[in-house]
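What you see is a predicted model, and the numbers here were worked out from it, not measured in a lab. In what follows, every heavy atom counts, from backbone to side chain, and hydrogens, waters and symmetry copies are set aside.
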Amino acid sequence: MEPGSSAGPSSSGLISRSHLGIEPFTLTRPASLADAAAGVANGAWAHAGGIDVAQRLRNGESTESMVPLGGLETLTEISLRDGALFIGAAVTHAGIESDALVRAHRPDLAAAWRTIGNIRIRTAGTVGGNLMSLDAGYDAAPILAAAGAELIFLDPGGTEQRCSVADRAAGRLLVGCEVPLEGRVVYDRSLKPVASVAVGDRYTAIGCAYRNVEIIELEFDANSAERADGAHGTDGTVDLDAVRAALDLLGEPLDDANASSGYRRRVIEVLIERCVQAHAAGAPASPGDDAGQLSPGDDARRESAAPTGQPGQATTRRGDGHTAGNAGSVDLQMHLNGSPFEAAAPVSEMLVDTIRSRAGLRGTRVGCDQAVCGACTVLVDGLPTASCSTFAWQAAGCDIHTIEAANEGAVVKPTESLPAVVREVQHAFAETSAFQCGYCTPGLILTASSLLAHHPDPDRSTMVDWLDSNVCRCTGYLMVIEAVEAAGAALRDRTDAHPEPAT
């Protein structure tokens with residue numbers, strides 16, 4: 001029995017725990033932001049990236065209805081508004097880190113966003129997803145709080161309401177946020193889930209350690225780094241007494257399985273000191289090397305992945321990709337490893353179950369069921385995707401590749417064919433012995449294939465950024481890196497041998 005399997009098949013014959021225990025729900029596509037706001041106010045869950053939604057459902061929460069947000073205008077927008085940078089609630093993390101406006105006006109945000117989660121979470125997760133579920137551990141919350149961002153919510157009547165990150169409330173539709181164009185934020189999440197800290201020009205925000213994101217207002221002149229109260233020195237030193245006095249006003253941090261209250265308090269002090277020193281030094285001034293970035297268009301699929309069809313009804317449709325009925329069932333149409341694939345499935349079914357049990361492709365593994373280990377990775381429109389936390393209907397109409405894609409027929413131009421890249425990476429893994437038990441290997445190969453498809457000649461840091469979240473207990477990763485280097489070199493050699501004709 002595979003890790004994560006239940007003791008036996010469910011009523012639908014599936015054996016992973018990915019959708020087991022999730023209460024049935026219906027999908028309702030809103031015709032407008034006002035419709036979406038009304039649905040959320042009436043108890044429906046907003047669905048953008050969906051990873052957090054999947055985990056909440058799997059953990060025992062339930063909703064009668066879900067409102068997909070990806071197809072609504074404004075929510076996927078990044079623009080300049082009255083001296084502020086507007087970021088829509090359904091913009092993905094990858095969209096922020098690669099967006100030209102963000103990188104031009106707030107490169108510190110692009111740098112901070114590049115540290116959010118693993119590559120699968122960054123390509124699927126959105127700014128607003130966890131903010132609306134009031135998750136204090138969500139990385140965007142302390143970053144935006146430290147930047148002094150203002151959240152914009154919409155009530156059912158169509159009226160905008162604004163508040164700080166710490167003052168957000170449940171049951172409201174988040175439209176987006178406005179971030180001041182001036183300022184710099186330094187974010188450190190290295191000690192999550194114990195605590196995370198973001199330090200801005202005026203605010204210091206703390207995540208994970210309290211039931212909500214907590215904000216300490218410690219003003220100082222950003223240009224000289226001189227603090228009015230002395231807590232931030234011009235040389236980046238920290239007056240810990242001032243910091244501790246501010247923390248005392250917040251009360252004791254959480255005391256749970258992740259860490260004791262006392263340990264969390266000490267970690268917070270350490271992270272604040274680190275971030276203040278980096279802020280005083282002027283770092284990070286830019287988001288760094290572009291080599292590891294997804295291009296601005298790479299996450300376009302995420303923005304259009306919501307179902308379309310008749311608005312305001314439980315029956316929804318995404319193009320010709322799927323229909324979802326009142327009974328909570330969905331008829332799926334997608335391209336799987338280059339061939340059309342159709343299936344009927346519950347609305348609550350995860351993509352991993354569709355691939356393994358309905359398509360019979362067992363190379364996609366079931367691992368942590370939390371979008372963390374990478375064993376379930378598949379490529380959806382070329383991007384690494386956690387199939388354990390992606391509903392099958394989200395991938396309707398998309399091109400999906402699993403490890404079995406390496407079996408597709410040979411092509412003349414390997415670098416133009418994702419299956420050919422998968423095949424080359426698989427060969428390199430075999431040649432360098434970059435596997436042992438093999439359980440994680442399909443996810444590693446597919447992630448590496450997407451990396452090489454986007455960045456044909458990645459440096460070591462870019463490889464680590466993409467691959468370090470694919471958990472492997474056997475190899476120690478060195479041979480994995482060597483395999484990716486070898487595959488990249490082989491693909492580049494073939495491209496050089498068969499250059500594109502001049503246009």
Determine yes or no for a side-chain-to-main-chain donor-acceptor pair under 3.5 angstrom, with [X] supplying the side chain and [Y] the backbone.
X    : Y    : result
T377 : G374 : yes
D108 : V185 : yes
R168 : V165 : yes
R172 : L154 : no
Q436 : C474 : yes
S450 : G382 : yes

For [X], check side-chain contact (heavy atoms from CB on, under 4.5 Å) against everything at least two apart and list the hits.
X    : value
P156 : A38, A41
D399 : H335, D381
A428 : A483, A486, A487
D188 : S190, L271, R274, C275

One thing to verify: whether [Y] and [X] come together as a salt bridge, which I'm taking to mean a side-chain N less than 4.0 angstrom from a carboxylate O.
X    : Y    : answer
D353 : R358 : no
R29  : D35  : no
E97  : R103 : no

Please work out whether the ring planes of F391 and F25 are parallel, tilted or perpendicular, with thresholds of 30° and 60°.
-> perpendicular
Plane angle bin for W466 and H454 - parallel if under 30°, tilted between 30 and 60°, otherwise perpendicular = tilted
Do [X] and [Y] pair up side chain to side chain, a donor and an acceptor below 3.5 Å, judged on atom types alone?
X    : Y    : value
T354 : E349 : yes
N470 : Y477 : no
R423 : Q426 : no
D459 : S461 : yes
S389 : Q370 : no
N337 : T402 : yes
T462 : D465 : no

List for me each residue that meets ring pair (Phe, Tyr, Trp, His ring centres under 6.0 Å) alongside F153, sequence neighbours excluded, and say none if there are none.
->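 So F153 forms no ring pair (Phe, Tyr, Trp, His ring centres under 6.0 Å) with any residue.
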Do I400 and I355 touch side chain to side chain, with heavy atoms closer than 4.5 Å?
->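 A side-chain contact exists here, since the closest heavy-atom pair is under 4.5 Å.
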Under 3.5 Å donor-acceptor pairs involving side-chain atoms of residues 64-74, not counting sequence neighbours:
from : atom 1 : to  : atom 2 : distance (Å)
S65  : OG     : T28 : OG1    : 3.2

